Amino acid sequence: METPKVIFFDAVGTLFGVRGSVGSSYAKIALRYGVEVPSQTLDAAFFPAFKQAGSPAFPNVSPSEIPVLEYDWWKQVVRTTFDGARILPQFEDFDRFFSELFTHFATAEPWELYPDTVATLKQMHDRGIPLGILSNFDSRIYAVLRSLNLAQYFQSVTISTEVGAAKPDPKIFQVALGKHVCRPEEAWHVGDSLEEDYRAAKAVGLRGIWLSRRRS
């Protein structure tokens, strides 16, 4: 098998995951604002809220608009989550709560590296293979990569909110390839989503590698 000219990695669910659960992080910070809710209740409400929000991508906007659009997109997801859990009216200052929550997810605290992540990245890096992030994340990914000591391994970062298209849209793969002046057949993409990573990469011509981390 020929050595690829670049290997792209998805971020959440591939290199690192949420520590505990999304609901546990939300519940922990909500408690600081006098709102007590079981993490399981928030987990159950989060996933439909996240799905309802659609792709985190903002086509045809200027770069200066992106941070505000990212913030508002996530604010709606979180608001819908707490509304679905029938907890939203308990907040005296939801805006202040969300501001802290949004910043929290730009730190290392809510994330945990998978045991094989660093060893894998180091091995590829030491072999001289360029690596890139290709993710439906927002611009907090830069801070998260730094805080988890992963930024050093990546020569490029391509995210949906900056491209204006989210996986499985071919555009985000094409933009990532362009950063490395690389043909699709010369690149690999590793991710945990069968649809958004493996099948989407193959559809564009990359070698897709599905990394399933689901616990049996």
Side-chain angles (χ1 to χ4, degrees), residues 10-112 133-148 151 157-169 171-172 175 191-193 196:
D10 175 50
V12 181
T14 300
L15 300 175
F16 54 89
V18 177
R19 189 183 303 277
S21 72
V22 171
S24 64
S25 292
Y26 284 17
K28 179 180 178 181
I29 295 179
L31 192 59
R32 299 175 191 168
Y33 293 82
V35 177
E36 187 172 359
V37 53
S39 61
Q40 298 91 333
T41 300
L42 293 175
D43 282 327
F46 170 76
F47 292 104
F50 184 81
K51 186 175 181 180
Q52 177 184 325
S55 299
F58 316 110
N60 305 315
V61 301
S62 67
S64 62
E65 295 177 89
I66 292 173
V68 173
L69 291 170
E70 291 175 337
Y71 190 89
D72 289 345
W73 189 91
W74 272 108
K75 187 175 183 179
Q76 186 58 48
V77 170
V78 176
R79 181 182 293 276
T80 303
T81 297
F82 279 89
D83 190 39
R86 300 183 179 181
I87 301 296
L88 189 60
Q90 294 187 26
F91 283 97
E92 291 185 3
D93 191 342
F94 180 83
D95 289 351
R96 187 160 162 256
F97 156 73
F98 176 73
S99 179
E100 180 176 343
L101 183 70
F102 189 81
T103 301
H104 176 71
F105 275 90
T107 70
E109 187 177 345
W111 307 108
E112 60 179 357
I133 291 287
L134 205 170
S135 170
N136 289 352
F137 209 102
D138 57 60
S139 56
R140 288 175 294 176
I141 189 66
Y142 300 102
V144 172
L145 291 173
R146 289 193 299 270
S147 65
L148 294 175
V157 174
T158 305
I159 54 176
S160 60
T161 57
E162 293 179 349
V163 172
K167 295 179 294 182
D169 191 316
K171 181 180 177 180
I172 192 170
V175 169
D192 68 303
S193 171
E196 294 183 355

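Index from 1, following the sequence. Bear in mind the structure is a predicted one, so any value in this text is a computation, not a measurement.
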- Message: Is the distance between the ring centroids of F97 and F82 under 6.0 Å?
- Response: yes
- Task: Could you list the residues that satisfy side-chain hydrogen bond (donor to acceptor under 3.5 Å, both in side chains) with Q90, not counting sequence neighbours?
- Result: none
- Task: Tell me whether the centres of the aromatic rings in F94 and Y33 are closer together than 6.0 Å.
- Result: no
- Query: Measuring from E196:CD to I172:CD1, what's the distance to the nearest 0.5 Å?
  - Reply: 9.5 Å
- Message: Distance to the ring centre below 6.0 angstrom and angle to the axis at most 45 degrees; does that hold for R140 and F102?
- Response: yes
- Message: If you define the side chain from C-beta out and look only at heavy atoms, does anything of F137 sit under 4.5 Å from T161?
- Response: no
- So, the side chain of T103 versus the backbone of S99: is there a donor-acceptor pair under 3.5 Å, distance only? yes
- Item | Any donor-acceptor N/O pair, S135 side chain to I159 backbone, under 3.5 Å | no
- Any side-chain heavy-atom pair from D138 and W73 closer than 4.5 angstrom? no
- Minimal non-hydrogen separation, A57 against A165, with atom names: CB-N, 3.7 Å
- Message: In the structure I gave you, are the side-chain heavy atoms of L15 and I133 within less than 4.5 Å of one another anywhere?
- Response: yes
- Consider only side-chain N and O atoms of T158 and E162, and report whether a donor and an acceptor are under 3.5 Å apart. no
- Message: Can you list everything that forms a side-chain contact (heavy atoms from CB on, under 4.5 Å) with V68? Sequence neighbours excluded, please.
- Response: D72
- Query: What do you reckon, is NZ of K75 surrounded by more than 12 foreign heavy atoms closer than 6.0 Å?
  - Reply: yes
- Note on the structure: On a heavy-atom basis, the closest approach of P59 and G164 is CB-O, 3.6 Å
- Task: Could you pull out the closest heavy-atom pair between P56 and S160, with the gap in Å?
- Result: O-OG, 2.7 Å
- CG/D10 to CZ/F16 distance, rounded to the nearest 0.5 angstrom? 8.5 Å
- Item | Residues, nucleotides or ligands: over 12 heavy atoms within 6.0 Å of R19 CZ | yes
- Interatomic distance, T80 atom OG1 to F50 atom CZ [nearest 0.5 angstrom]: 12.5 Å
- Donor-acceptor under 3.5 Å (D43 side chain, G23 main chain): yes
- Message: Looking only at the side chains, is there a donor atom on one of S139 and E70 sitting less than 3.5 Å from an acceptor on the other?
- Response: yes
- Backbone N/O of F105 and side chain of W111: donor-acceptor pair under 3.5 Å: yes
- Note on the structure: Residues G84 and A45: closest non-hydrogen pair is C-CB, 4.3 Å
- Task: Calculate, to the nearest 0.5 Å, the distance between atoms OG and CG belonging to S25 and L101 respectively.
- Result: 7.5 Å
- Query: Considering all heavy atoms of both residues, which atom of T81 and which atom of L42 are nearest to each other, and what is their separation?
  - Reply: CG2-O, 3.7 Å
- Message: Could you report the tightest heavy-atom contact between T14 and G191, atom names first, then the distance?
- Response: OG1-CA, 3.4 Å
- Task: Could you grab the distance from atom NZ of K167 to atom OG of S55, nearest 0.5 Å is fine?
- Result: 11.0 Å
- Which distance, rounded to the nearest 0.5 Å, do you find between the CZ of R96 and the CZ of R32? 11.0 Å
- Could you tell me whether the side chain of T107 and the main chain of H104 form a donor-acceptor pair under 3.5 Å? yes
